[in-house]
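Every chain is numbered from 1, with letters handed out A, B, ... down the list of sequences.
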Amino acid sequence: EPHIGHLKVYSVGDAVAHFHRRTGRRVLHPMGYDAFGLPAENHAIKTGQHPRVATDAAIAEFQRQFREWGISIDWTREFGTHEPRYYRWTQWIFLQLFKHGLAYQKEAAVNWDPVEETVLANEQVVDGRGERSGALVEVRQLKQWFFRITDYAERLLADLDTIRWPEHVKTMQRNWIGRSEGAEVVFRCEDVGIDYPVFTTRPDTLFGATFFVMAPEHPDVLRLAEGTEHEDDVRAYINHALTTDKQLRGDVDKPKTGVPLGHTVTNPVNGEQLPMYVADYVLMEYGTGAIMAVPAHDERDYAFAQAYDLPVRRVIEGPDDELPYMGDGPLVNCGPRFDGMHNREALGEIVRWLEREGKGHASVNYRLRDWLVSRQRYWGTPIPIIHCPACGAVPVPESDLPVLLPDVEDYKPRGRSPLATAADWVNVTCPSCGGPAQRETDTMDTFVDSSWYFLRYCDANNDDAPWDPAAIGMWMPVDQYIGGVEHAILHLLYARFFTKALVDLGHLPADIREPFAALFTQGMILRDGDKMSKSKGNVVSPSTIVDRYGSDTARAYILFIGPPDQDADWSDSGAEGMYRFLGRLWRTAAEAAEELPDDPVPDIDAARPDDERLLRKVHWAIDKVTSDMSGRFNFNTAIAAVMELLNEITPAKRGDAAPGSVRFAIGTAASLLFPFAPHTAADAYHLLTGERVWEQPWPVADPAFLETDSFELVLQVNGKVRDRVQAPSGASRDELLALARDTPRMHHYLDGHEVVKEIVVPGKLVNVVVR
RNA sequence: GCGGGCGUGGUGGAAUCGGUAGACACGCCGGCUUUAGGUGCCGGUGGCGCAAGCCAUGGGGGUUCGAGUCCCUCCGCCCGCACCA
């Protein structure tokens, strides 16, 4: 069911869409449903009902409420990602990536729930425990499908500079990609004759390395220990490390543990033999899964050295004797060649020396890992691959797409995908050799579905291709993307990767680099300063609000409550204030339509004072709302401007203004309010003019009414406001000074004092500095 | 620990380029309409002070004729990442 966050995001989006339409742009404002995934699947496991039933019911409810809210969607382009006409092309994209080596299979550590006997998706692991069983999740090695997003790490990082996104989202993506510059350095184990490269950001500390550590998952660890006195210890340590839940193992404050491997490696810079260890503070996923340990200049290595009584050798001088020391300084204990050299300078020198000696090279490492896309789950897009004993992984021919999701009896995963039970579906002939073969039974991560839907919107009903490149060329990139910050990393990174990969493969126009030229992340609606949640019992649903106040009040209030990128507290009395305002606007329009003759609007030269004052306010409001909507999302101040305008239209304020002026003012107020409260505004406008406001161009402010022939001059003495006086707009500096010095109040403050300085800000103020 | 953001009346917020702090709204107070309540309409509302005036944008300091806005420093809150070598 839609929640209040949906109401907010579509209130923002619809305001933007309406505004741009009426300024003459063609606007594509689509709607779709990211329908595969866990909610419908869990419902199916519980009830035995096909997930399609729950999904369709949810979609129907969304559609009902979207129509009730009156958001201006192009419904001809609507789709759900679970429909074969859509996922056919998700599969097609998978095949393109597969063909070019961007989709591949490899053994990987995945989350295993020992109670449910099933693999879990990452999002089902909460605080290291299985979502439903509550059991500590283990790590298992299984063959999985990946997308090679790491190939795009550099471009995903660099192109962030080309898009208009909130800085904090860009920062989160930069941190997630995690680029580190350093060097790969080779440490050789002479006992077994194998070179072990390590990645380090600190090659300047190479001379301080006193031991060498490998991750428990490192494939060579057991082999190295075999036949040594440490074999049993190592085996036990690995078992323990692999069965400890990830959360616990990753705790920074956990004491360092590890066991020796019974071998040494050679430090390439000085030939020293460094003892080898296995320790769980080294991660297999980052770098090479092995590190050189420099306890004098790294906190973790230092803690490990302390725990196991290993030598600590300082190689960078610091202000005191304290270790570990992470700062900069001149090298010591590094031999005559480097001693005394500043460590930042030595860093490059040592890398160049390693390169000459063939013992290492400059290197860049990323935190980003390849995207694991296979899920042992039912409710997702089937992976279009056939496994043949003779030919290996064979792509399903494009002409056979879509690979339809088969019906099964039991939706619960039992260590393998529920699809594996659909024998008729699984067993096929190999498209390559014609021999017996089996379908891939994993489905795709739902983030795959949502990584290209914006492309499909451009050509949603194309049955022959995922899209016509001409349609993509016309609409892409998305001019304005709107969503929650919770998508800052996963979805927004995956979509960028897809777009770049599809351009590279020639399926998208070459000049497209990014999917979303501008991004807006809206803040949450809170209740009493808290997130709304069922457990707190403080949820306000859109349907409750809309039933009570109507959709215009709900939409306009959510936009009026504050800047839309900030979190905001829902207030019933605040919403009532918006309800009163909309009612006042409508009644004012209805009364004017009935009582005031439809006279022409007076010209600026012919306008009487009351007309002029009212018309100036109208054009001020047009100017204010237009600038608040142009490139900015200042809906709150835009709506406030319309409120100010309506306050000027009250009988007491408008005085003797002509009927034509009053009608024009009310009609303009309705026209300006239309993007935020479309039903009320359109009806008010129609009552008054007989026209459809959405067919009217956006109002344009008349400069003649924006310029004023006088202004309020602020008079300051020593920076404090002491008086105000009307001054002619074009007045010179001297004229303004003369005005400033001659008011009774200014005389009071100036007489008898020595004037030190006079500052004049034309059109604004005069500040007289006295002693 | 690293990175990002925020702090203004009783409340949500406004102040777009260093130039009138508090627009607009909620709430509250008073009045009119009403048998009454609600609705509607009108007026008031940062604090202190009889007033002149003074004080006020998390605290302290600085730059400037002038600081909510720029700089330094401290405090508090929120978000993201975190044994990433």
Point to revise | Worked verdict on A:S180 versus A:N365 for side-chain hydrogen bond (donor to acceptor under 3.5 Å, both in side chains) | key: CA-CA 5 Å; A:S180 293; A:N365 205 50; over 6 Å; no

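Base-pair partner of B:rG1: B:rC81 (Watson-Crick or G-U wobble, both distances under 3.5 Å). For B:rU64, there is no paired nucleotide, since no Watson-Crick or G-U wobble pair has both relevant distances below 3.5 Å. Base pairing of B:rG12: its partner is B:rC24, meeting the Watson-Crick or G-U wobble criterion (both donor-acceptor distances under 3.5 Å). If you check B:rC50 for Watson-Crick or wobble pairing at under 3.5 angstrom, you find it has no partner at all. Look at B:rG7: its Watson-Crick or wobble partner, with both distances under 3.5 angstrom, is B:rC75. The pairing partner recorded for B:rU57 is none, the criterion being a Watson-Crick or G-U wobble arrangement whose two distances lie under 3.5 angstrom.
No engagement by A:R771 is indicated, since no non-hydrogen atom pair under 4.0 Å with the nucleic acid exists. Residue-level contact check: A:F581 touches neither bases nor backbone, having no heavy atom under 4.0 Å from any strand. Among the heavy atoms of the strands, none lies under 4.0 Å from A:G178. Using a 4.0 Å heavy-atom criterion, one finds that A:V714 contacts the bases of the nucleic acid, with or without backbone contacts as well. Nucleic acid contact class of A:V282 (heavy atoms, under 4.0 Å, all strands): base. Residue contacts shown for A:I291 include a base, since a base heavy atom lies under 4.0 Å away. In this structure, A:E299 reaches neither bases nor backbone, as no heavy-atom distance under 4.0 Å exists between it and the strands shown.
By the 4.5 Å heavy-atom criterion applied to side chains, A:R632 and A:S627 are counted as neighbours.
Look at the C1' atom in both B:rC71 and B:rC24: the space between them is 33 Å, to the nearest Å. Using atom C1' as the reference point in both B:rC29 and B:rU35, the two lie 25 Å apart (nearest Å). With C1' as the reference atom, B:rA67 and B:rG49 are 27 Å apart, rounded to whole Å.
Taking the side-chain hydrogen bond (donor to acceptor under 3.5 Å, both in side chains) definition, one finds that A:S710 meets it with A:Q726, sequence neighbours left out. Scanning for side-chain contact (heavy atoms from CB on, under 4.5 Å) contacts around A:E594 gives an empty result, with sequence neighbours left out.
Between A:R587 and B:rU39, a side-chain N or O to OP1/OP2 separation shorter than 4.0 Å is absent. Remark: A:K170 is not in phosphate contact with B:rG5, judged by side-chain N or O atoms under 4.0 Å from OP1 or OP2. Proximity of A:N636 to the phosphate of B:rA25: no side-chain N or O atom is located under 4.0 Å from OP1 or OP2. At the phosphate of B:rC26, OP1 or OP2 sits under 4.0 Å from a side-chain N or O atom of A:R580. Residue A:Y749 has a polar side-chain atom (N or O) positioned under 4.0 Å from OP1 or OP2 of B:rG53. Contact check, A:R174 against B:rG80: no side-chain N or O comes under 4.0 Å of OP1 or OP2. Between A:R722 and B:rA52 there is no side-chain N or O to OP1 or OP2 distance below 4.0 Å. Look at A:S180 and you'll find a side-chain N or O under 4.0 angstrom from OP1 or OP2 of B:rA85.
Judged by distance alone, with hydrogens and angles left aside, A:N175 brings no side-chain donor or acceptor close enough to the base of B:rC81 to form a pair under 3.5 Å. Contact annotation: side chain of A:K624 to base of B:rU16, donor-acceptor pair present below 3.5 Å.
In this structure, A:F199 and A:Y286 have perpendicular ring planes: the angle between them is above 60°, well past the 30° mark.
Atom C1' of nucleotide B:rG27 and atom CD of A:E576 are separated by 12 Å, given to the nearest angstrom. Straight-line distance from the CZ atom of A:F676 to the P atom of B:rC24: 18 Å, rounded to whole Å. Summarising the geometry, the separation between CG on A:L765 and P on B:rA15 is reported as 19 Å, rounded to the nearest angstrom. Between the CD atom of A:E181 and the C1' atom of B:rA85 there is a distance of 15 Å, given to the nearest Å. Straight-line distance from the CE atom of A:M326 to the P atom of B:rC2: 11 Å, rounded to whole Å. Between the P atom of B:rC81 and the CZ atom of A:R367 lies a distance of 9 Å, rounded to the nearest Å. As a whole-Å value, the separation of A:D569 CG from B:rU11 C1' is 9 Å.
Closest to the side chain of A:T637, from the set B:rA15, B:rA85, B:rC83, is B:rA15. For A:N647, whose side chain is taken as the heavy atoms from C-beta onward, the closest listed nucleotide among B:rC24, B:rU16, B:rG80 is B:rC24. The side chain of A:D280 sits closest to B:rC83 out of B:rC24, B:rA15, B:rC83. The side chain of A:A640 lies closest to B:rA23, out of B:rA85, B:rA23, B:rG19.
In this structure, B:rC17 is classed as syn because its glycosidic torsion stays within 90° of zero. Nucleotide B:rG61 carries an anti base; the chi torsion (O4'-C1'-N9-C4 or O4'-C1'-N1-C2) is more than 90° from 0.
A:K256 forms no cation-pi arrangement with A:F304, by the criterion of a distance under 6.0 Å to the ring centre and an angle within 45° of the ring axis.
Within a 6.0 Å sphere centred on OH of A:Y579, heavy atoms belonging to other residues, nucleotides or ligands number 12 at most.
Side-chain polar atoms of A:Y749 and A:D723 form no donor-acceptor pair below 3.5 angstrom.
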